[in-house]
Asker: 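Below you'll find the structure I mean.
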Amino acid sequence: MKAEMTGGQDKVKKTVMILANSSGGLYDFRNELVEKLLGEYRVVASLPDAVKTDLLEQEGVIIEHTPINRRGMNPAQDLTLMHAYELLMKKYHPDLVLTYTIKPNVYGGFVCRRMGIPYLPTITGLGSTFQKSGPLLFLVERMYYEGLKKAACVFFQNEENRQIFRRAGLVSGKDRLVPGSGVNTKVWQAMPYPEGDITNFLFVGRVMKEKGIEEFFRAAEVLHSEKVTFSICGYCDEDYQAQLDERTSRGEIIQLGFHPDMHEFYRDCSAVVMPTWHEGMSNVLMEASACARPVIASNISGCREIFEDGVTGYGFAPHSPEELIRTLRHFLTLDRLQRASMGEAARQKMIEEFDREKVAAAYLEEIHAAIKGKA
């Protein structure tokens, strides 16, 4: 709480509050924006964990711990979350609120609308609900409608998500498209392509069905050899640990666990593989590309924007282990120079199209306009 005790200077600053579901996500993907905000405003962040809150506090962010059940819909827990947001806003009287991911967007939006506080939600992805129909989809759409309808501006990370929301009438005011969270090309710098004759395919993300882990398992089962390895970096988010251990014992995969710093894993891989079913805009693909690594990913919105097929990586049909295996087989025919050239082209694309400074500038423009409009 250091920023609260720095004297009168902070008291005259306007306050920007951030509601998010991960301190790691805020620090790793949005810290450039946070740093710029700290130059102008008092910044308060409501977060459910402490993974990187110490780093944010060192920068001057006021941290408030707010538990969030990221998965599932429990009415009692969700009402508790909304009440917690209301108490925070009464405590800090923010001049503007930024929200990220569904529950902060929805419940933070409810509270901001009721209290007359300008807010800027970001749709970071839609999840599996929007691929279905029925009562659950209706409920989620209604929640989004209520949470977003008075937003100063709604940020989308890919065009497909924006069009889905527009067609469903979930956004009625201003919206804006940004290239995901962007990537810091100074933090994620080009690395020499690995030497040797071993190809290491790297999966990065939560081990769960909708991230395509079963397709990755199948590809590893078919293609692994002494010269072809399949590594998994991320924590187990669903009941796959027994299968992970069994496949490890058979030599099909290498478990790397969760790591907050991915540099050495991108350095050692030949390509990053992402068989995900849905994505807002993949930070993993942007980071790997910035490190000059080819990416092999589902040909879906949120991934396809990041790679150029056959130039910086390859796309394949989601939900299809056969298509993934076919694409990996093709990659295995490339020599080291071809793969390295693909990685170099991937980095150049990140520099030209996905630099995080551009994303931060877009947010600052809308933040300034919303706060000025409130005044």
Side-chain angles (χ1 to χ4, degrees), residues 18 20 22-37 51-52 55-56 59 98 100-101 122-125 155-159 161 176-193 202-206 211 233-234 259-274 276 279-298 300-309 311-315 340-365:
I18 302 172
S22 164
S23 64
L26 181 60
Y27 186 81
D28 293 339
F29 307 135
R30 302 176 181 101
N31 197 50
E32 290 79 4
L33 174 59
V34 171
E35 290 178 328
K36 293 180 187 301
L37 290 174
V51 174
K52 294 197 174 180
L55 296 172
L56 291 163
E59 293 178 340
L98 295 173
Y100 296 92
T101 70
T122 298
I123 308 301
T124 56
F155 282 91
F156 290 92
Q157 297 193 336
N158 67 63
E159 183 62 32
N161 287 179
R176 186 161 179 172
L177 185 67
V178 288
S181 301
V183 62
N184 187 325
T185 56
K186 295 177 182 176
V187 171
W188 303 100
Q189 297 190 357
M191 302 181 185
Y193 198 80
L202 176 65
F203 173 102
V204 181
R206 291 174 289 162
K211 288 294 184 181
C233 196
H259 296 271
D261 186 346
M262 287 298 301
H263 281 85
E264 66 175 290
F265 303 103
Y266 292 140
R267 180 196 66 204
D268 296 339
C269 78
S270 306
V272 165
V273 180
M274 177 164 285
T276 183
E279 205 72 25
M281 189 67 72
S282 172
N283 291 299
V284 168
L285 294 184
M286 286 188 280
E287 291 172 357
S289 297
C291 291
R293 291 297 177 268
V295 296
I296 300 170
S298 299
I300 60 170
S301 189
C303 291
R304 71 168 68 100
E305 296 90 345
I306 299 171
F307 65 88
E308 186 176 350
D309 196 52
V311 178
T312 73
Y314 294 107
S341 296
M342 187 170 279
E344 290 167 5
R347 175 167 176 80
Q348 190 59 36
K349 184 175 178 66
M350 294 304 100
I351 292 171
E352 293 175 0
E353 300 178 28
F354 289 88
D355 189 272
R356 192 168 288 168
E357 289 295 323
K358 297 177 183 177
V359 178
Y363 274 91
L364 282 176
E365 183 178 332

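Residues take their numbers from the sequence shown, with the count starting at 1.
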Asker: What are the two closest non-hydrogen atoms of Phe354 and Met286, and how far apart are they?
Answerer: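 Reported closest heavy-atom pair: CD2-SD, 3.6 Å.
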Asker: Centroid separation under 6.0 Å, is that true for the rings of Tyr363 and Phe155?
Answerer: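 Yes, they do, as the ring centres are separated by less than 6.0 Å.
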Asker: Hey, are the side chains of Val284 and Val272 touching, using non-hydrogen atoms and a 4.5 Å cut-off?
Answerer: yes
Asker: Under a 3.5 Å cutoff, is there a donor and acceptor pairing between the side chains of Thr276 and Glu279?
Answerer: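 A donor-acceptor contact under 3.5 Å links the two side chains.
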Asker: On a heavy-atom basis, which atom in Asn158 and which in Met281 lie closest, and how many Å separate them?
Answerer: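 Looking at all heavy atoms of both residues, the closest pair is CB-CE, 3.9 Å.
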Asker: Are side-chain N/O atoms of Ser301 and Glu305 paired as donor and acceptor at under 3.5 Å?
Answerer: yes
Asker: Would you say the side chains of Asn31 and Glu59 form a donor-acceptor pair under 3.5 Å?
Answerer: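 Per modelled atom types, Asn31 and Glu59 side chains form a pair under 3.5 Å.
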Asker: Roughly how far, to the nearest 0.5 Å, is CG of Asn184 from CG of Asp355?
Answerer: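 Spacing of CG (Asp355) from CG (Asn184) equals 7.5 Å.
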Asker: With sequence neighbours excluded, tell me which residues meet ring-ring contact (aromatic ring centres under 6.0 Å, His included) with Tyr266.
Answerer: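 Trp188.
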Asker: Taking side chain to side chain contact (heavy atoms under 4.5 Å, CB included) as the test, write out the residues that go with Ser22, two or more places apart.
Answerer: Asp49, Arg70
Asker: Could you tell me if Arg176 sits above the aromatic ring of Phe156, with its cationic atom closer than 6.0 Å to the ring centre and no more than 45 degrees from the axis?
Answerer: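 The answer is no; the distance or angle limit is not met.
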Asker: Does Leu364 have any side chain to side chain contact (heavy atoms under 4.5 Å, CB included) partners at least two apart in sequence or in another chain, and if so, which?
Answerer: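 Once residues adjacent in sequence are excluded, the partners of Leu364 under the side chain to side chain contact (heavy atoms under 4.5 Å, CB included) criterion are Leu33, Lys36, Leu37, Glu40, His368.
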Asker: For Lys186, I'd like to know if atom NZ has over 12 heavy atoms of other residues, nucleotides or ligands within 6.0 Å.
Answerer: no
Asker: Just do the side chain to side chain contact (heavy atoms under 4.5 Å, CB included) check on Leu26 and Leu56 with the steps written out, would you?
Answerer: CA-CA 9 Å; Leu26 181 60; Leu56 291 163; 3.9 Å; yes
Asker: For Asp261 and His259, which I'm curious about, is there any donor-acceptor pair between the side chains at under 3.5 Å?
Answerer: no
Asker: Any donor-acceptor pair under 3.5 Å linking the side-chain atoms of Gln348 with those of Glu352?
Answerer: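 Distance-only check passes for Glu352 and Gln348.
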Asker: Please walk me through it: do Gln157 and Ile123 pass side chain to side chain contact (heavy atoms under 4.5 Å, CB included)?
Answerer: CA-CA 7 Å; Gln157 297 193 336; Ile123 308 301; over 6 Å; no
